[in-house]
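Have a look at the structure below, then the notes.
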Amino acid sequence: MLQNRFDPKTAEPRLYAQWEAAGAFAPKDDPNAEAFSIVIPPPNVTGSLHIGHALNNTLQDVLARFERMRGKAVLWLPGTDHAGIATQMVVERMLAAEGGPGRRDMGRDAFVERVWKWKAESSGTIQNQLRRLGASCDWSRERFTLDEGLSAAVRKVFVQLYKEGLIYRDKRLVNWDPHFQTAISDLEVLQPTVDGAYYHFAYPLADGPVGEVTEVVVATTRPETMLGDTAVAVHPTDERYQGLIGKLLAHPITGRKIPIVADEYADPEKGSGAVKITPAHDFNDFQVGKRHGLEMINIFDAYARLNDEVPTEFAGMDRFDARRAITAKMEELGLLRGIEKTRHAVPHGDRSGVVIEPFLTDQWYVNAEVLAQPAIKAVETGDMAFVPKNWEKTYFEWMRNIEPWCVSRQLWWGHRIPAWYGPDGHVFVEETEEAVRAAARAHYGSDVELRQDEDVLDTWFSSALWPFSTMGWPEETSDLKRFYPTHTLVTGFDIIFFWVARMMMMGLHFMDDVPFKRVFINALVRDASGQKMSKSKGNVMDPLELVDELGADALRFTMTAMSGAARDIKLSKQRIEGYRNFGTKLWNAARFCQMNECVRVEGFDPAEVKSTLNRWIRGETVKTAEAVTKALEACAFDDAAASLYRFIWNVFCDWYLELAKPVLNGEDEAAKAETRAMAAWVLDQCLKLLHPVMPFLTEELWAELAAFGGPKRGSMLIVADWPALPQAWIDAEAEAEIGWLVDLVTDVRSIRSEMNVPPSARAPIVLVGANAVTRERLARHRDLIVTLARASDVKEADAVPAGAAPFAAGEATGALSIAEFIDLVAERARLAKEIGVLDGDIEKTRKKLDNPDFVARAKEEVVEENRERLAEAEEAKAKLQSALARLEAVA
RNA sequence: GGGCGGCUAGCUCAGCGGUAGAGCGGCUGGUUUACACCCAGUAGGUCGGGGGUUCGAUCCCCUCGCCGCCCACCA
């Protein structure tokens, strides 16, 4: 016999080990089986599982388990990402904490070795945490972005794109992170609004006044960059400056003479209408500088300290110190025309958190615009679909305005760029050193010394190849043939640009096919204040603690049930407890079945069941199986969870098992046998349907019930057949019959409560003015009603008996057609007349009933209520008829 | 500036043209041998405001207001 609770702590590791040992996570060999593949969004190799992973991986696992049970050859391919900047940051922090030599002191090789060591120590954490969640990925195929195979794929892609002209080296402004001393992509730049100020500076005219004018006032939020100014721009049509265009200004600090240029970029509406131009330190100014052939003076070093291009009094100064120093200097010179406080957006590095500098450097770029075209088209034509569909708008918007992708990073942890430079700076891009040497030999006619590019690639470059690099590309492996393209990608909207878009570009370019047919965008799990959870903010909820306390199944069900949220999921522990209770409820239902010897019967055919109750639950099971199947096919995880919850708790437990009790305790052996077999069958269906969401508890019950009796199980539940039940098993007559019974019992319970009938007291139920159908039904279900409604007896009467308390019966509600609605209102009025209840035994109520005023008033209420309802129905009918008439008139 | 979400019971959320829902919390009752991680009952909402379409609007349209996210820009 089952214990009265499921014990996740001991069962989960045991069951997971059994699945793994049975090889259940590997795609089945059957060549005829349809392939279904998912690649995991690779978490950081050194990371640990956060609540967002729990959501994302639960949904993937639900799909994987569902499709596996449907007989497909399922591959869920796991792996991890080297996460260049994030990992390097972690290790550097560790080095700092240890107080030993830092990254630069160690040198590149020693540092990279140190990172590998840290990777060896900490990797495996997240994999084990995924196991705790129940993730059924095929660990035998696990990949890491820096594996040799994946690295070879990266080199091949880089080289090919280079030779196709889609990767190139360019000197332009990049987003420079002075903390890491590396370029980062536009996507890695955040734009928080911070306090700042406009500093109004006057620049005197170099060659004396022009008319009355002796100076031009400009405003800036970044005084420190003024040392790199090489012009001041005004709008070509700005009347105020017509006479000044082409004149020179004397730079107040450097003394450099800088021209006043006419450029549309200057907005006459803003400030004085004149704007200082610092081409090497501002993206807009860079464009202006190019248009006017201005000198581009870089005044920062890699740490964003002022370099030797500036007067010695400022050289070496930090940029923020420089801001104060320069403002002070301008004031001293009498050229500060005011400081105006403001709030404005300032670029910050998403990892480092420091202010990003536009910085003039040589970097490698991917021509994203060309690669984006097929990726846009694939979504337009439906070759790849977003679920929910809305997200395609976001995708299109970005893809259609895509900028060159800066892929080089001045880091040490990552894929080193396969480019080498000859003594004269000539670039050779090849997959291997041998190939490079050969190319160089061909170019120079002899062997020369080559120097490899110091930079590594953006982490997302290798991630972009993930769906095919993990399957062995560029080798033509059987996995690649069978499992590419993948079926569904499950990921968060925060990486649509970073990852989804780039996988689309690379997949289409190199595989000539989309990397996935569908992408399900899951919500972001946020903390109580709606903030995105992140390690750096320290507001992370630990899913492992929740698993420890409430079990993986409870957390998984919660994630599934809440996955419908459009944007945010705010997680509450109470909710998880509620779903833990749901698991326990099913567990106890199974226990009840055991106690009542509801054992599975060999060859039992639900099509053959006779009793109304069994025919009814059969239909309900069919409907649930259908609803869950449809929901999971459509990634409507929340709908699937809701259907399961309602069916198992509110239908199977609350009504079927309750209604089965009198049968199971009765004398009719045939009915008893049928009900036992049926209960066992329905329970099995519950286990199957719930398994993708709650794999542990269901697998445990699957085994426990088999051990208890009945035919031997053909397999573990994880690979059992998904219920595909015939529509014909839905029995309308049984549905109507049980529906009636449920309504009646519900009404009687409600009335008993209103009349303060204690649960221990048994009151007779009297049917007043019952028609033939009702009488027949009542006769048929007398025992059930007596049990469930705690009646002492069930009687019929043609008229209201003296002392009867009349009441209006309720009825089930649901989605109704217009016609049904009218019928319902009429039916309600009819029902109200039909059923009455006589309260017995209870002194309090008897007193009420003995009071003729009470009875008379109650009767009047019923009559009045019915009148109102009939009037409502008539009114609705009249309105409809007029609407119909108008429609017909139009038609 | 452009785009996208959200605003429904005390809390967390579902519903998205047909008599306002769930879970949790509240209240009342419960020694019904599957389950107190339970059972039965019950209170609590003018579905953010205002217009419009409709026989009928929480749901569709317009508009306003908060809250939040994304993109772009900011001298």
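Chain letters run A, B, ... following the sequence lines, proteins first, then strands; residues in each count from 1. All heavy atoms count here, side chains included; hydrogens, waters and symmetry mates do not.
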(request) Would you kindly say whether A/T394 and A/E397 are connected by a side-chain donor-acceptor distance under 3.5 Å? (result) no
(request) Would you name the heavy atoms of A/F637 and A/S563 that are closest together and state the gap between them? (result) CB-OG, 3.2 Å
(message) Using whole Å, what does the distance between atom P of nucleotide B/C71 and atom CD of A/E188 come to?
(response) 12 Å
(request) List for me each residue that meets side chain to side chain contact (heavy atoms under 4.5 Å, CB included) alongside A/R337, sequence neighbours excluded, and say none if there are none. (result) A/H200, A/A202, A/E215, A/V217, A/L335
(message) Between B/U12 and B/C7, how far apart are the two C1' atoms, rounded to whole Å?
(response) 14 Å
(request) Using the test side chain to side chain donor-acceptor pair (under 3.5 Å), find all partners of A/D267 that sit at least two apart in sequence or belong to another chain. (result) none
(message) So A/Q3, base contact, sugar-phosphate only, or nothing? Heavy-atom distance under 4.0 Å.
(response) nothing
(request) Could you list the residues that satisfy ring-ring contact (aromatic ring centres under 6.0 Å, His included) with A/F647, not counting sequence neighbours? (result) none
(request) Kindly say whether, by distance alone, the side chain of A/E340 makes a donor-acceptor pair under 3.5 Å with the base of B/A75? (result) no
(request) Please tell me which of the listed nucleotides, B/A75, B/C35, B/C71, lies nearest to the side chain of A/A219? (result) B/A75
(message) Given B/U12, B/C73, B/G23, identify the nucleotide with an atom nearest to the side chain of A/A345.
(response) B/C73
(request) Quickly work out the A/R580 CZ to B/C24 P distance and round it to whole Å. (result) 11 Å
(request) Using the C1' atom on both, measure B/C47 against B/A20 and round to a whole Å. (result) 8 Å
(request) For A/C653, report the nucleic acid contact type (base, sugar-phosphate, nothing); a contact means any heavy atom under 4.0 Å. (result) base
(request) Give one of base, sugar-phosphate or nothing for A/K393, where a contact means two heavy atoms less than 4.0 Å apart. (result) sugar-phosphate
(request) Only counting residues at least two apart or in another chain, list the ones meeting ring-ring contact (aromatic ring centres under 6.0 Å, His included) with A/Y241. (result) none
(request) Describe the nucleic acid contact of A/R222 in one word from base, sugar-phosphate, nothing, applying a heavy-atom distance below 4.0 Å. (result) nothing
Please tabulate, one pair per line, each protein N/O and nucleotide N/O from nucleotides 38-40 of chain B that are separated by under 3.5 Å, including the distance.
from: B/C38; atom 1: OP1; to: A/N581; atom 2: ND2; distance (Å): 3.1
from: B/C38; atom 1: O3'; to: A/K585; atom 2: NZ; distance (Å): 3.2
from: B/C39; atom 1: OP1; to: A/K585; atom 2: NZ; distance (Å): 3.1
from: B/C39; atom 1: OP1; to: A/W649; atom 2: NE1; distance (Å): 2.6

(request) For A/Y645, report the nucleic acid contact type (base, sugar-phosphate, nothing); a contact means any heavy atom under 4.0 Å. (result) sugar-phosphate
(request) Specify the separation, in whole Å, of atom CD of A/E397 and atom P of B/C71. (result) 11 Å
(request) Please determine, for the side chain of A/Q574, which listed nucleotide (B/G25, B/A75, B/A34) has the closest atom? (result) B/G25
(message) Base, sugar-phosphate or nothing for A/A590? Non-hydrogen atoms, less than 4.0 Å.
(response) nothing
(message) I need the single residue from A/T698, A/T584, A/L697, A/L586 that forms a side chain to side chain contact (heavy atoms under 4.5 Å, CB included) with A/F6. Which is it?
(response) A/L697
(request) Find the distance A/I521:CD1 to B/C70:P and express it as a whole number of Å. (result) 15 Å
(request) Could you tell me whether A/K661 contacts a base, only the sugar-phosphate backbone, or nothing, with contacts defined as non-hydrogen atoms closer than 4.0 Å? (result) base
(message) Just the rounded figure in Å: distance from C1' of B/C73 to CG of A/N401.
(response) 14 Å
(request) Would you please name every residue forming a ring-ring contact (aromatic ring centres under 6.0 Å, His included) with A/F286, sequence neighbours left out? (result) none
(request) Assign each of A/V189 and A/V275 to its nearest nucleotide of RNA chain B by heavy atoms, then name whichever residue's nucleotide is nearer the 5' end. (result) A/V189
(request) Taking only the side-chain nitrogens and oxygens of A/N390, find out if one of them lies under 4.0 Å from OP1 or OP2 of B/G5. (result) yes
(request) Looking only at side-chain atoms of A/Y265, point me to the closest of B/A75, B/C69, B/A34. (result) B/A75
(message) Counting the atoms with a prime plus P, OP1 and OP2 as sugar-phosphate, which does A/T584 contact under 4.0 Å by heavy atoms, base, sugar-phosphate, or nothing?
(response) base
(request) Starting at atom CD1 of A/I402, determine the distance to atom P of B/C71, rounded to an integer number of angstrom. (result) 13 Å
(request) For B/C39 versus B/U58, give the span between their P atoms, rounded off to a whole number of Å. (result) 33 Å
(message) If you assign A/E577 and A/T746 each to the RNA chain B nucleotide with the nearest heavy atom, which residue ends up on the more 5' nucleotide?
(response) A/E577
(message) Please pick, from B/C13, B/A34, B/A75, the nucleotide with the shortest atom-to-atom distance to any side-chain atom of A/R575.
(response) B/C13
(request) Have a look at A/A266 and say if it touches a base, only the backbone sugar-phosphate, or nothing, with a 4.0 Å heavy-atom cut-off. (result) base
(request) Could you provide the dot-bracket string of RNA chain B, using ( ) for intrastrand pairs, [ ] for crossing pairs and | for bases paired to another strand, with Watson-Crick or G-U pairs below 3.5 Å? (result) ((((((((.[[[[.)..(..]]]].(((((.......))))).....[[[[[..)....]]]]])))))))....
(message) The criterion is side chain to side chain contact (heavy atoms under 4.5 Å, CB included); which residues satisfy it with A/E597, sequence neighbours excluded?
(response) A/R676
(request) Identify the two heavy atoms, one from A/M694 and one from A/F557, that lie closest to each other, and give their separation to 0.1 Å. (result) CE-CB, 3.8 Å
(request) Could you list the residues that satisfy ring-ring contact (aromatic ring centres under 6.0 Å, His included) with A/Y656, not counting sequence neighbours? (result) A/F652
(request) Whole angstrom is fine here: how far is it from CD1 in A/I260 over to C1' in B/A75? (result) 15 Å
(request) Side chain of A/F497 only, please: which of B/C37, B/A34, B/C71 is the nearest? (result) B/C71
(message) Check the phosphate of B/A22 against A/R646, side-chain N and O only, distance under 4.0 Å to OP1 or OP2. Yes or no?
(response) no
(request) To the nearest Å, give me how far apart CD (A/E392) and C1' (B/C4) are. (result) 13 Å
(request) Classify the angle between the aromatic ring planes of A/F582 and A/Y645 as parallel (below 30°), tilted (30 to 60°) or perpendicular (above 60°). (result) parallel
